[in-house]
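Taking it in order: structure first as structure tokens, then the write-up.
Note that the structure is a prediction, hence the values are computed from the model and not measured. Just so we're on the same page: letters track the sequence lines, and every chain starts at 1.
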2 protein chains.
Amino acid sequence: MLNGRTPSVKDVAAAAGVSLGTVSNVMNRPAVVSARTRERVERAMSELGFVRNESARQLRAGTSRTLAYVMLDGSNPFFHDVAHGIELAAEDADLSLFICNSNSRADREETHLDRLLQQRVQGILITPVDPEAPHLRALTRRGVPLVIVDRRRADGSCCSVAVDDVHGGRVAVEHLAEQGHQRVAFIGGPDSLGQVRERLQGARAVWAELGRPADHLVYLPTAAMTVAEGRSAGERLAGLPARRRPTAAFCANDLLALGLLQQGIGAGLRVPEELAIVGFDDIEFAAAAAVPLTSVRQPRQELGRAAAQLVLDEATNPTHEHQQLFFTPELVARASSRAR
Amino acid sequence: MLNGRTPSVKDVAAAAGVSLGTVSNVMNRPAVVSARTRERVERAMSELGFVRNESARQLRAGTSRTLAYVMLDGSNPFFHDVAHGIELAAEDADLSLFICNSNSRADREETHLDRLLQQRVQGILITPVDPEAPHLRALTRRGVPLVIVDRRRADGSCCSVAVDDVHGGRVAVEHLAEQGHQRVAFIGGPDSLGQVRERLQGARAVWAELGRPADHLVYLPTAAMTVAEGRSAGERLAGLPARRRPTAAFCANDLLALGLLQQGIGAGLRVPEELAIVGFDDIEFAAAAAVPLTSVRQPRQELGRAAAQLVLDEATNPTHEHQQLFFTPELVARASSRAR
DNA sequence: TTGTATGCGTTATCAG
DNA sequence: CTGATAACGCATACAA
């Protein structure tokens, strides 16, 4: 009767000598079925190797048991830590997590979102290429629970979870100033990224408050937030005339900082004596660098956890209201910037 | 008629003034429907914002459009690169990829596999905690297409894709010997990992062939393949009496090597002059290290791609036969080991 | 407490 | 080329 097919509730019912509805009850409302029957059904299930068909369940129940996270850059460990936080929350809610990677490409992002819509995921978490993209707004219009992670939308038209980047910029530069640096470089870009702008803004603000001359905070723009760009920024930094050359650099993320560190050490610079470095994110590799990297720590897992909770609220709570959550990042001082 | 519901084929059919079957044809066999009708249907779709319900499709078609990869350790970028390779292949086949992370825990792995079975994924790729685990063998028994990635099963009872670890061990140690090192440490563990054993085996074989005394190749076992364990191995290394202390270390993966590098530099050692280091995997951070890391390169994306192709073959080709694919890793020499 | 019947949205078959 | 209809496997309302 089962010729090669994977067993269905019907087969289980037949094997256990009960009706199909009873089998379903065993799975979904175990309290309502007698212990003896339940046991018989369960034995039949395991004997047949029954595995419930999630598609059928979902079609009938009208609700899926999966969340999705579309991450921006799979080569940056930061996003994997965020994803891990989401997964922990998903697990608690007994949900599966679909992880996609847009690789910073809007078209890939759109393709992924399309598929996720087809899967009827319960909610979507995303670190978008562009928080204002029309295909994102379309999601909200469709009523798909959506949370933007590590970015935000100016108009608050959906939930988001991020850190206070301005504050992050402040503490980084404040720390470098405290260490006695008179000239500091800010490395990051492209400045179409809100984060880059805000971190720079915080840096400049605190620099001004400390009464330092504005042109002693040098902005070295990069084309991306990668190790390679960090190296290239390091070369530009080295090319500056000695008297105007910053003795410290604040990088908009850790990959840049790692690249800068590598370039500097390769060029024979002593870190932090000749070049102090502060990164941002505090990915694991920051602490593992040859000279452990000072970094502005984002609560990576917490970010993910909180985002997942927001999306679940939006998915289940009819009185849900959009929230913009902010975490306050804090400086983790390590050898790459410590007292000279 | 649509009160809040997400539109179905039926709604599209009504809106376009055609029958439901025609709408289905537009999606699945566009050639069979007239251009005019097709256009009308497509307009109706986009006006209503129709998105096909994948659960229903799957239930009816009996076949899902997703693959899954269960990775061993989300904190090791190596596995993300493998995942990326899988995703590229999945994309080519117009499939979605479910990524899970067992975090080296057998129970998490089993939970994930369970869920994937419920989803009726087309095939499962996995870097397992234990390739021989019964819950894995159960998959094969159920007829679920399965490919083991970066590990293998001795009996060839399923497909696998890996590199020749013995060869990897050979080239690493051969390289260090060529650089003039008389004493070399092998760092890795636990030795329950087949990879660790095989890399060590290759190392020992070539060492013997070169006529070096066996006890000049020192095995420093670790409890895991992490940065922290690399650091701790470095401390043990430093603790050896100077005359017996190896001047070079071959680490069973790059995380260990990075930890060792950090510990060594922190302790004031010059790399490679006083301590040469070779890693394994060649993750991106290897090249980005302060002293760029020599490493035995695994074709990470290729591994993933090939695995995906195998699983697809098993899923679709009735005459499929299990294959054990082997890639030959090659040494990428960088500053951490270069001529002194 | 258990059984029966219905429908979820889609695809495929087959008769117009 | 189009349209009606029967599954797919499960969950639920309702009947027994």
Side-chain angles (χ1 to χ4, degrees), chain A residues 1-42 44-45 48-65 115 117-122, chain B residues 1-42 44-45 48-66 115 117-122 142:
Chain A
M1 63 208 214
L2 221 99
N3 28 291
R5 258 184 334 97
T6 109
S8 74
V9 273
K10 208 188 287 182
D11 302 311
V12 174
V18 301
S19 90
L20 179 160
T22 301
V23 177
S24 179
N25 280 336
V26 169
M27 295 192 287
N28 303 303
R29 320 154 67 179
V32 95
V33 31
S34 78
R36 258 191 74 255
T37 315
R38 189 171 56 223
E39 204 199 324
R40 240 192 12 234
V41 171
E42 278 164 351
M45 283 187 182
L48 271 65
F50 170 79
V51 174
R52 143 215 279 113
N53 183 324
E54 174 63 21
S55 292
R57 201 220 107 257
Q58 179 174 329
L59 178 57
R60 172 60 228 222
T63 159
S64 90
R65 313 259 342 126
R115 273 235 232 287
L117 248 37
Q118 294 185 18
Q119 309 268 8
R120 299 288 194 273
V121 294
Q122 277 223 11
Chain B
M1 66 216 215
L2 223 97
N3 29 294
R5 260 185 330 99
T6 109
S8 74
V9 274
K10 208 189 284 179
D11 302 311
V12 174
V18 301
S19 90
L20 178 160
T22 301
V23 177
S24 176
N25 280 337
V26 168
M27 295 192 286
N28 304 303
R29 320 156 65 179
V32 96
V33 30
S34 80
R36 256 190 76 255
T37 314
R38 189 172 56 224
E39 205 199 323
R40 236 186 23 228
V41 170
E42 278 164 351
M45 283 185 178
L48 271 66
F50 170 80
V51 174
R52 127 186 326 97
N53 183 323
E54 174 63 22
S55 291
R57 202 220 105 256
Q58 180 173 328
L59 177 58
R60 170 62 228 214
T63 158
S64 88
R65 313 239 8 106
T66 65
R115 272 235 232 289
L117 249 35
Q118 294 186 17
Q119 310 268 7
R120 300 289 194 272
V121 294
Q122 278 224 9
R142 293 186 73 87

For this session: Taking only Lys NZ, Arg NE, NH1 and NH2, and the carboxylate oxygens of Asp or Glu, determine whether B:E54 and B:R57 approach each other closer than 4.0 Å.
Result: yes
Exercise. Which nucleotide, C:dT10, C:dT13, C:dT2, lies nearest any side-chain atom of A:N25?
Worked result: C:dT2
Exercise. Would you say C:dT2 has OP1 or OP2 under 4.0 Å from some side-chain N or O of A:S34?
Worked result: yes
Problem set entry | 5'-most by nearest nucleotide on DNA chain D - B:L20 or B:A35 | B:A35
Problem set entry | Between D:dC10 (P) and A:Q58 (CD): distance, integer Å | 14 Å
Exercise. Rounded to the Å, how far apart are B:Q118 CD and D:dC10 P?
Worked result: 10 Å
Exercise. Under a 4.5 Å cut-off applied to non-hydrogen side-chain atoms, are A:T6 and A:V51 in contact?
Worked result: no
For this session: Using a 4.0 Å heavy-atom cut-off across all strands, classify B:S55 as base, sugar-phosphate, or nothing.
Result: nothing
Exercise. What does A:V23 touch in the nucleic acid at a heavy-atom separation under 4.0 angstrom: a base, only the sugar-phosphate, or nothing?
Worked result: nothing
Problem set entry | Student check: side-chain heavy atoms of B:R120 and A:N53 closer than 4.5 Å | yes
Exercise. Is the shortest side-chain N/O distance from A:R52 to OP1 or OP2 of D:dA11 below 4.0 Å?
Worked result: yes
Exercise. Are any of B:S24's side-chain N or O atoms less than 4.0 Å away from OP1 or OP2 of C:dT11?
Worked result: yes
For this session: Provide, to the nearest angstrom, the distance between the CZ atom belonging to B:R29 and the C1' atom belonging to C:dA12.
Result: 7 Å
Exercise. Does A:S8 make a side-chain N or O approach to OP1 or OP2 of D:dG9 shorter than 4.0 Å?
Worked result: no
Exercise. Can you tell which of C:dG9, D:dG3, D:dC10 lies closest to the side chain of A:R60?
Worked result: D:dC10
Exercise. Do B:V41 and B:M27 come close enough that some side-chain heavy atom pair is under 4.5 Å?
Worked result: no
For this session: Mind calculating the distance between CE (B:M27) and P (C:dA12) to the nearest angstrom?
Result: 10 Å
Problem set entry | Of the listed nucleotides C:dG3, D:dC10, D:dG3, the one nearest the side chain of B:T22 | D:dG3
For this session: Without swapping roles, check the side chain of B:R38 against the backbone of B:V23 for a donor-acceptor pair under 3.5 Å.
Result: no
For this session: Rounded off to whole Å, could you give me the CG-to-C1' distance for the A:D11 and D:dC10 pair?
Result: 13 Å
For this session: Measure from the side chain of B:R57, starting at C-beta and using heavy atoms only, and say which of C:dG9, D:dA11, C:dT11 lies closest.
Result: C:dT11
For this session: Considering just the side-chain nitrogens and oxygens of A:N28, establish if one lies under 4.0 Å of OP1 or OP2 belonging to D:dA11.
Result: yes
Exercise. In terms of side-chain heavy atoms of A:A56, which of C:dA12, D:dC10, D:dA11 is nearest?
Worked result: D:dC10
For this session: Indicate, with a heavy-atom threshold strictly under 4.0 Å, whether A:G62 touches base, sugar-phosphate, or nothing.
Result: nothing
For this session: Could you tell me the separation between the CD atom of B:E54 and the P atom of C:dT10, rounded to a whole number of Å?
Result: 10 Å
Exercise. Does any N or O in the side chain of A:N28 come within less than 3.5 Å of the main-chain N or O of A:N25, such that one atom is a donor and the other an acceptor?
Worked result: no
For this session: Whole angstrom is fine here: how far is it from CZ in B:R38 over to P in D:dC1?
Result: 9 Å
Problem set entry | Spacing between B:L59 atom CG and D:dA11 atom P, to the nearest angstrom | 12 Å
